[in-house]
Amino acid sequence: MPTLYLFNRRTLLAGDDLQLPSLAWGSVSAAQLFLFLPYLLYCTIELVLTSPSTNGDDADDGWPDDNSNTWVETTGRRLNDLDDYFESIESNMPSMQSNACRVATSGFTNFKIPYLILLYLVGMAVYSATSLLYEQRIFQLSSLGTPTMDLQLRAPLKELIEFKMTFLAGFNSILLIYGLTGTFICMSGYLQCFPTFWWIVWFVLFLTQTVQCLLILTTLVSLWRVSPAPPSSSGTGTETDFYHRHADTLHTHNNIEMAEEMWQSRCEGCCRILAISTCFLFGGKGIVSHAAEGGGEKFYGDIARALADYFADFGDGRADQRGLDVVPSDVGLGFVMLRHIQAQRKMLAQRDTLQQTSNYGSRSGSSSDVSSAARENNIMSVPSNRTTLLFRWNSGSRAPEQGGEDSNSLNDHTIAQPEEAYGSFSRKVLSPSNPDDYVLLEEGARFARHQLAIYTWILYYFQFPVSGTFRLISQSLKAKLKCKNIISSETSTPVSRGTNYEPCSDIEAGDSGSNSTVEMMNQETIVGDNFLNIHEATMLAHAGLEKSDIAYASFEAGFYETPYCIIIDRKWKSIVLSIRGSLTLEDCVVDVLLDPSPLDALGEKYGFSGAGQYCHGGVLECTNWLHEDLMRHKILQKLLLGEHAEFSDYTLRIVGHSLGAGIGVILSLMLRNTYPSLRCLCYSPPGGLLTWKLAKECSEFVNSFILDSDIIPRLSVDNMERLRDEVLHLIARVKLSKYEIAQRIFWHGLCGEVELGDLDFLIQQNEDMLYPHDGVPDSDFARQLQQFENMQRERRSNRGVARSIALYPPGKITHLVKTGQSKKCLHGIAGCITCGASNAGSDYTPIQKENDDFNEIEISPTLWTDHFPNRVCNEIERIAKRFGIDTTLGSPSEC
């Protein structure tokens, strides 16, 4: 920052963003000057020097007479006398090529093309040398100062870049046109005069020139489409006048409604493009149809209002009320610094935990809590019967009731965020010796595969992209062979079943009768599958299920229509309702229906305490659809209720991941009076789901599992605003240039695990890159930031009570915290290839958390991949095995 203006038009770059572009451009100019041009010049000059005089006398030119066949006959006899014909061709190729060049150029009588080529190459040498000097100067100037200080040092950049984009680019374009014209018009008869490699280098030189000209032309066109910035109100000509503080009208929206309409149009257009470009593989037909009907406000209104407020006054530099003059690279720098600050907090907490571990071990005289695997892989192990200290944002006292008249003031977080606002807190580490902890993890590991099942083939082929088809075929053949063997071993006729179930499905130990309840249900137990039954096959494969375990499954999806399945788990005597999370574009649209919906009427109707409580609006819409669908088919009633219910002694368990977890919680509240023993298991639930009271009260029957840095349980409007504010404050604290910071981070591991490095080194590095909180120097950006904070408070208060309602993840939360990383070579390679997004070799510790502990978005390479349902499932199962829990797939039936 500040924003760089060229030709009085605003760009998306700042003066300190030009190191990499100038380095790339300079590298191309250096290659042209020191690699391409010397070779081309050498070959061309050699051809000029070896050409004969142009006086028309060919008697002594050293070439055979065109009208005589002497040379041809001699060469032919020589070729016939040689044993290897191809070696002869190769040895005679230079002379044959020279002769062909002479013939093509009429004996060199008009051989002036080399001089034209020399003229072009000399011009290219002048351009490349000048361009290289300019890029060096741009690189040096762009590296001066910091994002907010010493801006006058980068003042000459404007003139340099404008000269480069006009005079230098024009000269390069003239050379390109001259070279292309000469090549296609004048040099068509001179192909034999130069070796093949010369033409390759010639083509590459033209290609680099063309790319340079196109880049300049594209930049000029994009600048031309931007409205000119208004003249400065100060009227003074200072060194930093090229950094205008005025945004163009295309990027400034004084009217809030205009900003909302802009973001609504952008969101709708983005979803429509994604739907069409993916051939509706991930849904989107409903998006296209609703867009044609003009239903944008209904689906995109919430997110449009949130984005309009979130990015309000970014780049807005009005003379009377200036906004934030930031560019994308400034925001990226803030995220990098925030990751380092968060890593420092984590490592401080881990060091305290290790100290407690050491003290605990010395007092107990035993080190059995530290596993041999952890010692071998250099993994930090936390004693499972201790508490651990972690850092989180101290959000102050929470409102016990939401929606009251004071809720706005209670939830209005302070934008300024000093480091002291983060404090340590103690949380319990789960222990295998604790019966409650053991049962909690056992239940979570058992039904983690059930939440995978409803994701069907897309997730299955994501896990097994190569072997997925062969696995499905193998599983199908084994199942058919197994059933056939059991049928042949029975002396009695198998009990008849519905047409959608295998005949052997009812033959299991301890079950003397048929599944009469299932037989009474609809014949069509699978809805929305294709003719290959791929959804059903992958659903069974995910959880190790059999066809008799599926009571019902619906794979139809749309706005609010969520795929789900009902599974019979005989081992745990449970009827499992598995609800799919976000997978299609329609699901994403539902996710961004952010405005909270009141639960007063719903609580009164279904008998739970919903007075004054709120939930995520999109989740509530999906829950209402699912509840109506269940009531219409009466599947749960037939399985669990009534005198003839075969599974009346079974427990209803509702499981889901992401959006499905949120739906499961609201549905559990609606069904709990009907099914008192109901249990709900949420994997990676959404963070902005329920208000505090309801999120805590449902802990009795709701268990949630969250993997490390997963962003979804932390995703809420409050957390996003807090993230933005902290990033902006870190930008103001930076005291080095972006280039210097990039060098420091790159040389110490760009993709490495910052959280697992040397704490003392990290603290020193952060101190070298950032000003202390009380030592930030005054700057234009600091004043802009203060004004931006005031405007954000005003916008927040104008939105009313709805924007002040804080929502939390539900139930009793088990957080799988990463506490170590294996040092094995393969795990390091996996982390490097994926830029840290892989969790190979990671060690996780289950810690019980509070619902408001997830009030900060962690910047981590795994913040998205930790949300993947298969990764959550795998890590829960690994921890369960360490607890000595059996995680065998499938039910205990013999068929």
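This one's a predicted model, so the numbers in the text were calculated from it and none came from an experiment.
- Nearest heavy-atom pair, Ser709 versus Asp866, reported as atom, atom and distance to 0.1 Å: N-OD2, 3.1 Å.
- For the pair Leu13 and Val327, the minimum side-chain heavy-atom distance is 4.5 Å or more.
- Residue Ser29 holds its OG atom at 5.0 Å from CD of Gln212, rounded to the nearest 0.5 Å.
- The backbone N or O of Leu215 lies less than 3.5 Å from a partner atom in the side chain of Thr219, making a donor-acceptor pair.
- Residues satisfying the salt bridge (charged side-chain N to carboxylate O under 4.0 Å, His left out) criterion with Glu767, sequence neighbours excluded, are absent altogether.
- Looking at Glu858, its side chain never comes within 3.5 Å of a backbone N or O of Ile711 through a donor-acceptor pair.
- Salt bridge annotation for Lys735-Asp768: absent, with no cationic side-chain nitrogen under 4.0 angstrom from a carboxylate oxygen.
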Under the side-chain contact (heavy atoms from CB on, under 4.5 Å) criterion, do Val727 and Leu333 qualify, and how do the steps go?
CA-CA 8 Å; Val727 165; Leu333 173 66; over 6 Å; no

Test side-chain contact (heavy atoms from CB on, under 4.5 Å) applied to Val734 and Tyr771, step by step
CA-CA 6 Å; Val734 172; Tyr771 288 108; over 6 Å; no

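- Between the side chain of Thr44 and the backbone N or O of Leu41 there is no donor-acceptor pair closer than 3.5 Å.
- Taking the six-membered ring for Trp and the full ring otherwise, the centers of Trp202 and Phe206 sit less than 6.0 Å from each other.
- Contact detail for Val776 and Ala732: the closest heavy-atom pair is CG1-O, 3.5 Å.
- Looking at Ser860 and Arg339, their side chains never bring a donor and an acceptor atom within 3.5 Å of each other.
- Within a 6.0 Å radius of OH in Tyr39, other residues, nucleotides and ligands contribute more than 12 heavy atoms.
- Trp199 places none of its side-chain heavy atoms less than 4.5 Å from the side chain of Thr196.
- Ser737 places a side-chain N or O within donor-acceptor distance of the main-chain N or O of Glu740, the cut-off being under 3.5 Å.
- Not a single donor-acceptor pair under 3.5 Å links the side chain of Gln32 to the backbone N or O of Met124.
- Ser265 contributes no side-chain N or O that, together with a main-chain N or O of Met262, makes up a donor-acceptor pair within less than 3.5 Å.
- Residues Tyr127 and Ser131 have side chains in contact (heavy-atom distance under 4.5 Å, counting atoms from C-beta outward).
- Within the 4.5 Å cutoff, no side-chain heavy atoms of Met337 are placed close to those of Arg733.
- In this structure, Tyr134 and Phe163 have parallel ring planes: the angle between them is below the 30° cut-off, well short of the 60° mark.
- Between the side chain of Thr278 and the backbone N or O of Leu274, at least one donor-acceptor pair lies under 3.5 Å.
- Thr834 places a side-chain N or O within donor-acceptor distance of the main-chain N or O of Ser838, the cut-off being under 3.5 Å.
- Leu37 has its side chain out of reach of Val122: every pair of non-hydrogen atoms, C-beta onward, lies at least 4.5 Å apart.
- Taking the charged nitrogens against the carboxylate oxygens, Arg722 and Asp725 have no contact shorter than 4.0 Å, which rules out a salt bridge.
- Residue pairs satisfying the salt bridge (Lys or Arg N to Asp or Glu O under 4.0 Å) criterion with at least one member in residues 132-145, sequence neighbours excluded, are listed as follows: Glu135-Lys164.
- Under the 3.5 Å distance criterion, the side-chain polar atoms of Ser142 are matched with a main-chain donor or acceptor of Leu18.
- In this structure, Thr862 and Asn839 have side chains that are not in contact, with every pair of non-hydrogen atoms separated by 4.5 Å or more.
- In this structure, the separation between CD1 on Ile731 and CZ on Phe781 is 5.0 Å, given to the nearest 0.5 Å.
- Salt bridge present: Glu268 and Arg272 bring a charged side-chain N and a carboxylate O closer than 4.0 Å.
- Expressed to the nearest 0.5 Å, how far CG of Leu118 lies from CG of Leu40 amounts to 10.5 Å.
- Of all heavy-atom pairs between Leu762 and Gln344, the closest is CD2-N, 3.6 Å.
- The closest side-chain donor-acceptor pair between Glu856 and Asn719, if any, does not fall under 3.5 angstrom.
- To the nearest 0.5 Å, the span separating OH on Tyr120 from OG1 on Thr181 amounts to 11.0 Å.
- Between Lys738 and Asp330 there is a salt bridge, with a side-chain nitrogen of the basic residue lying less than 4.0 Å from a carboxylate oxygen of the acidic one.
- Between the side chain of Gln821 and the backbone N or O of Ala840 there is at least one donor-acceptor pair closer than 3.5 Å.
- The minimum heavy-atom distance between Cys213 and Leu176, with the atom names listed, is SG-CD2, 4.0 Å.
- Heavy-atom minimum distance, Ser779 versus Thr148: CB-O, 3.7 Å.
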Ile857 and Leu715: CA distance, side-chain angles, deciding distance, side-chain contact (heavy atoms from CB on, under 4.5 Å) verdict:
CA-CA 7 Å; Ile857 295 177; Leu715 204 57; 4.1 Å; yes

So Leu23 and Tyr739, side-chain contact (heavy atoms from CB on, under 4.5 Å) or not? Walk me through it.
CA-CA 12 Å; Leu23 184 62; Tyr739 181 68; over 6 Å; no

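- Here the shortest heavy-atom pairing between Ser128 and Leu33 reads CB-CB, 3.9 Å.
- Counting heavy atoms from C-beta on, the side chains of Phe311 and Arg724 never come closer than 4.5 Å.
- Distance CG/Leu168 to CD/Glu162: 13.0 Å, rounded to 0.5 Å.
- Leu223 contributes atom CG, which lies 5.5 Å from atom CE of Met165 (distance to the nearest 0.5 angstrom).
- The closest side-chain heavy-atom distance from Val201 to Phe197 is below 4.5 Å.
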